[in-house]
*Asks:* 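Sharing a structure with you now.
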Amino acid sequence: MNIDQIVRLLGQKYGIPQWRPHADPLSELIQAILSQNTSDVNSSRAFQSLMATFSTWEMVAKASVDDIAEAIKSGGLNRIKAERIKSILEGILESRSSLDLEFLTELSIPEAKAWLKGLHGVGPKTAGCVLLFALGRPVLPVDTHVYRVSRRLGLINSKASPERAHELLEEIVPPQAIYQFHINILAHGRSICRARRPLCHDCALGEGCPSNGHS
DNA sequence: TGCCAGGCCGGGT
DNA sequence: ACCCGGCATGGC
């Protein structure tokens, strides 16, 4: 089963998500950091609380780690995330002199990704979220669902590391299909395809799911 | 109750 | 190049 068939089957099962602009790149970055290894209920509460506590990102940059950690407490991992958010905002202010990441649109995808990953606490998944959701670039954020389900479907070698999965999947998935692939793989991974093992018997991507018949 | 959630870093092999 | 512990709250 090739990538085009999988994209089509996912589309039949979950619909074709319509592209819509998300947040500005800096807000997307903060949201992505808060979502790291955290349920979306907890992380979105933390983001709302952060916005409600501080009126601007400049205020967050000047706040103490303790105060930021308190504001995002409901998200979990709050101490380490508060340190990362503060140091990232301070770093952007120092290097760019304003808290604005729109300049990333002028960079190539590899350049923009490298710049983001240079920030402490920003890995491939977080950088990918900023590039795809805020800037509309054809980059695939490989989170646990994308990683696990892609291996289950046989799209990539089950032994590939998460880092390697990023490279492999970006070669496989057509740029124009990345957004819907990401959205629908998450839908599939959150509902049906939840088991951690690489293959299973109940992963039903319609009749053609290659995971059918495995145990 | 115990396990897990849209990662990433630092230290060890 | 991998592997692993740490980080921490809220939901089920």
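Both backbone and side-chain heavy atoms feed into the values below; hydrogens, waters and symmetry mates do not.
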*Asks:* Hey, does A:G121 reach any base, or is it just sugar-phosphate, or nothing, if we go heavy atoms under 4.0 Å?
*Replies:*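 It contacts sugar-phosphate atoms only.
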*Asks:* Give me the residues of residues 169-179 of chain A where at least one heavy atom lies under 4.0 Å from an atom of DNA chain C, by number, or none.
*Replies:* none
*Asks:* With a cut-off of less than 4.0 Å, is there a side-chain N or O of A:T144 near OP1 or OP2 of B:dG7?
*Replies:* yes
*Asks:* When you match A:N42 and A:A127 each to their closest nucleotide on DNA chain B, which lands nearer the 5' end?
*Replies:* A:N42
*Asks:* Tell me what A:L77 touches on the nucleic acid: a base, only sugar-phosphate, or nothing, going by heavy atoms under 4.0 Å.
*Replies:*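 If one applies the 4.0 Å heavy-atom cut-off, A:L77 turns out to touch a base.
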*Asks:* A:T126 near the nucleic acid: base, sugar-phosphate alone, or nothing, with a heavy-atom cut-off under 4.0 Å?
*Replies:* sugar-phosphate
*Asks:* Starting from C1' on B:dG7, measure out to CD1 on A:I30 and report it in whole angstrom.
*Replies:*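 It works out to 15 Å between those atoms.
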*Asks:* Using atom P of each nucleotide, how far apart are B:dG6 and C:dG5 to the nearest Å?
*Replies:* 22 Å
*Asks:* Contact class for A:N37 vs. all strands (heavy atom < 4.0 Å): base, sugar-phosphate, or nothing?
*Replies:* base
*Asks:* Between A:T38 and A:K81, is there a side-chain donor-acceptor contact under 3.5 Å, judged purely by atom types and distance?
*Replies:* yes
*Asks:* Name the closest nucleotide to the A:S74 side chain, picking from B:dG6, C:dT9, C:dC2.
*Replies:*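 Side chain of A:S74 sits closest to C:dT9.
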*Asks:* Determine the contact category for A:P162: base if any of its heavy atoms lies under 4.0 Å from a base atom, sugar-phosphate if only primed atoms, P, OP1 or OP2 are that close, otherwise nothing.
*Replies:*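 No contact.
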*Asks:* Would you kindly give the CD1-to-C1' distance between A:I88 and B:dC8, to the nearest whole Å?
*Replies:* 11 Å
*Asks:* Output the distance between atom CG (A:L34) and atom CD1 (A:I72), rounded to the nearest 0.5 Å.
*Replies:*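 Here the interatomic distance stands at 5.5 Å.
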*Asks:* Please state whether the base of C:dG10 and the side chain of A:R45 form at least one donor-acceptor pair under 3.5 Å?
*Replies:*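 Under the 3.5 Å cut-off, the side chain and the base do not form any donor-acceptor pair.
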*Asks:* Provide the Watson-Crick or G-U wobble partner of B:dT1, both distances under 3.5 Å; none if there is no partner.
*Replies:* none
*Asks:* Could you grab the distance from atom CG of A:L153 to atom CD1 of A:I6, nearest 0.5 Å is fine?
*Replies:*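 So the gap between those two atoms works out to 4.5 Å.
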*Asks:* I need the single residue from A:Q36, A:K117, A:E28 that forms a side chain to side chain donor-acceptor pair (under 3.5 Å) with A:T126. Which is it?
*Replies:* A:Q36
*Asks:* How long is the line joining CD1 of A:I80 and C1' of C:dT9, in whole Å?
*Replies:*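 For the pair A:I80 CD1 and C:dT9 C1', the rounded distance is 15 Å.
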*Asks:* Hey, are A:E102 and A:R96 close enough for a salt bridge, meaning a charged N less than 4.0 Å from a carboxylate O?
*Replies:*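 Looking at A:R96 together with A:E102, the answer is no, because their closest N to O distance does not fall below 4.0 Å.
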*Asks:* Under a 3.5 Å limit for both distances, which nucleotide forms a Watson-Crick or G-U wobble pair with C:dA8, could you say?
*Replies:*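 With both distances under 3.5 Å required, C:dA8 matches none.
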*Asks:* Is a donor from one side chain sitting under 3.5 angstrom from an acceptor on the other, for A:S108 and A:E111?
*Replies:*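 There is such a pair between these side chains.
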*Asks:* Under a plain distance cut-off of 3.5 Å, with no hydrogens placed, do A:S27 and A:D24 share a side-chain donor-acceptor pair?
*Replies:*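 There is such a pair (donor and acceptor under 3.5 Å, judged by atom type) between the side chains of A:D24 and A:S27.
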*Asks:* Would you indicate what A:Y147 reaches in the nucleic acid, counting non-hydrogen atoms under 4.0 angstrom: base, sugar-phosphate, or nothing?
*Replies:*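 No contact.
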*Asks:* Is A:H120 close enough to B:dG10 that one of its side-chain N or O atoms is under 4.0 Å from OP1 or OP2 there?
*Replies:*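 Yes, such a contact exists.
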*Asks:* Between B:dA5 atom C1' and A:N78 atom CG, what is the distance in whole Å?
*Replies:*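 Those two atoms, CG and C1', are 15 Å apart.
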*Asks:* To the nearest Å, how far apart are A:D40 CG and C:dG10 C1'?
*Replies:* 12 Å
*Asks:* Expressed in whole Å, how much space separates the P atoms belonging to B:dG10 and C:dA8?
*Replies:* 14 Å
*Asks:* Give the ring-plane orientation class for A:F47 versus A:W57, where under 30° counts as parallel, over 60° as perpendicular and anything between as tilted.
*Replies:* tilted
*Asks:* A:R190 has an atom CZ; how far is it from atom C1' of C:dG11, in whole Å?
*Replies:* 15 Å
*Asks:* Could you state the NZ-P distance from A:K73 to C:dG10, rounded to the nearest angstrom?
*Replies:* 7 Å
*Asks:* Could you tell me how far apart A:H145 (NE2) and B:dA5 (P) are, to the nearest whole angstrom?
*Replies:*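 So the NE2-P distance, A:H145 to B:dA5, works out to 7 Å.
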